[in-house]
Enquirer: 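My questions will all concern the structure given below.
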Amino acid sequence: MNTATPTENGFTLLEEGFSAQDMVDKIINESSMTDDRDAFYVCDVGDLLKQHLQWVRALPRVTPYYAVKCNDTREVVKTLASLGIGFDCASKSEIQLVQSLGVEPSRIIYANPCKQVSHIKYASANGVQMMTFDSEEELIKVARFYDNAKLVLRITADDSKAEVSLSMKFGVHLKSCRGLLERAKELKLDVIGVSFHAGSGCRDAMAYVKAITDAHFVFLMGAELGFKMDLLDIGGGFPGTDDVKLKFEELTAAINPALDEYFPADTGVEIIAEPGRFFVTSAFTLVVNIIAKKVIMDEESDSDGKMIVLFVTNIFACSKLTFW
Ligand SMILES: *Cc1c(COP(=O)(O)O)cnc(C)c1O
């Protein structure tokens with residue numbers, strides 16, 4: 001049976017019903033005649049589309065800007081670009097990648113609050129206006145090298161319950177927001193909205209709700225100072241699989257009412273998010289070869305004190321990737 005047809009864009013088209021496991025078996029079979037036992041990835045491109053559908057259903061008011069740093073494989077970015085979504089880029093090279101696939105600058109947010117000057121200049125030269133900030137130093141840089149930028153103030157969120165906390169590095173506390181907004185005003189910069197990140201792998205829906213209320217408060221502050229804010233960016237943190245403590249739908253069930261309460265549709269505020277792992281986690285399967293096995297004695301383990309240790313092929317050197 002000829003189930004696989006390679007296409008010129010690097011994808012392999014498969015018949016209905018073919019699973020990741022089938023693909024893995026096929027590749028293992030093909031390599032069984034050779035010495036090649038290196039680790040490899042397979043990526044189910046259809047899964048990216050499924051995730052997108054799930055997003056649109058669960059968060060109808062929120063446009064996703066995929067966080068490229070999560071997985072910058074060209075085919076992934078290309079597939080997501082074809083869906084018309086936006087992109088969160090953290091550096092010049094990510095902006096280059098996304099723009100090389102024909103994405104317009106208005107669909108890109110440069111969501112790194114601490115940017116290199118040469119990268120700010122690059123964004124300026126290439127029309128990428130939306131960018132985040134969380135310090136006075138960044139405002140001064142932007143005023144000097146890109147006074148036409150559309151700035152988004154990143155506030156902190158309580159991400160203490162997330163798998164990966166980001167608030168140590170990024171985000172300003174509510175009490176410092178007014179001072180920063182005043183400084184932006186003095187520097188004649190345009191602040192168009194507020195962003196936050198509830199931590200990667202967020203396990204606490206209240207972190208989003210609290211951050212949305214805080215963002216609302218900053219919008220009021222902005223209005224007092226004469227800014228016309230119309231962008232709310234609710235960041236990333238959405239789970240990529242269902243085997244998590246807080247499922248995607250449970251999270252969105254808390255987020256949607258908060259958005260409707262604090263940013264009702266008639267305010268005209270555009271709402272975006274920066275999902276990373278949400279889009280790519282389930283699409284990718286990593287296959288490793290077990291190269292050695294040891295049984296060791298461990299007093300702390302189960303009743304018999306035996307622990308089995310498996311050694312696998314180097315996954316960091318893994319360069320093979322098959323798409324379908
Ligand atoms: C890493 C990152 C994301 C994506 O986070 P996920 O938890 O993978 O959704 C989004 N925005 C910013 C600014 C990030 O640094």
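Both counts, for ligands and for their atoms, begin at 1 and track the order of listing. Only a predicted model underlies this, so the values are computations on that prediction, with no experimental measurement involved.
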Enquirer: Are side-chain N/O atoms of E104 and Q99 paired as donor and acceptor at under 3.5 Å?
Expert: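 Q99 and E104 do not have a side-chain donor-acceptor pair below 3.5 Å.
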Enquirer: Would you say D36 and S31 are linked by a side-chain donor-acceptor pair, where the criterion is simply a distance under 3.5 Å?
Expert: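 Checked: S31/D36 side chains show no N/O donor-acceptor pair below 3.5 Å.
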Enquirer: What are the polar N/O contacts of ligand 1 with the protein below 3.5 Å, with distances?
Expert:
| unit_1 | atom_1 | unit_2 | atom_2 | d |
| --- | --- | --- | --- | --- |
| ligand 1 | 5 (O) | H197 | NE2 | 3.0 |
| ligand 1 | 7 (O) | S200 | OG | 2.6 |
| ligand 1 | 7 (O) | G237 | N | 3.0 |
| ligand 1 | 8 (O) | R277 | N | 2.8 |
| ligand 1 | 9 (O) | G237 | N | 2.9 |
| ligand 1 | 9 (O) | G276 | N | 2.8 |
| ligand 1 | 11 (N) | D88 | OD2 | 3.0 |
| ligand 1 | 11 (N) | E274 | OE1 | 2.6 |
| ligand 1 | 15 (O) | K69 | NZ | 2.6 |

Enquirer: Report yes or no: do Q116 and S118 form a side-chain donor-acceptor pair below 3.5 Å?
Expert: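 A donor-acceptor contact under 3.5 Å links the two side chains.
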Enquirer: Is there a donor-acceptor contact under 3.5 Å linking the side chains of R74 and S100?
Expert: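 The criterion, which ignores hydrogens and geometry beyond distance, is satisfied for S100 and R74.
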Enquirer: Answer with yes or no after comparing the ring centroid distance for F263 and F219 against a 6.0 Å cut-off, counting only values under it.
Expert: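 Ring centroids of F263 and F219 are less than 6.0 Å from each other.
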Enquirer: Do S32 and N29 have a side chain donor and acceptor closer than 3.5 Å?
Expert: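 No pair is found: no donor N or O on one side chain lies under 3.5 Å from an acceptor on the other.
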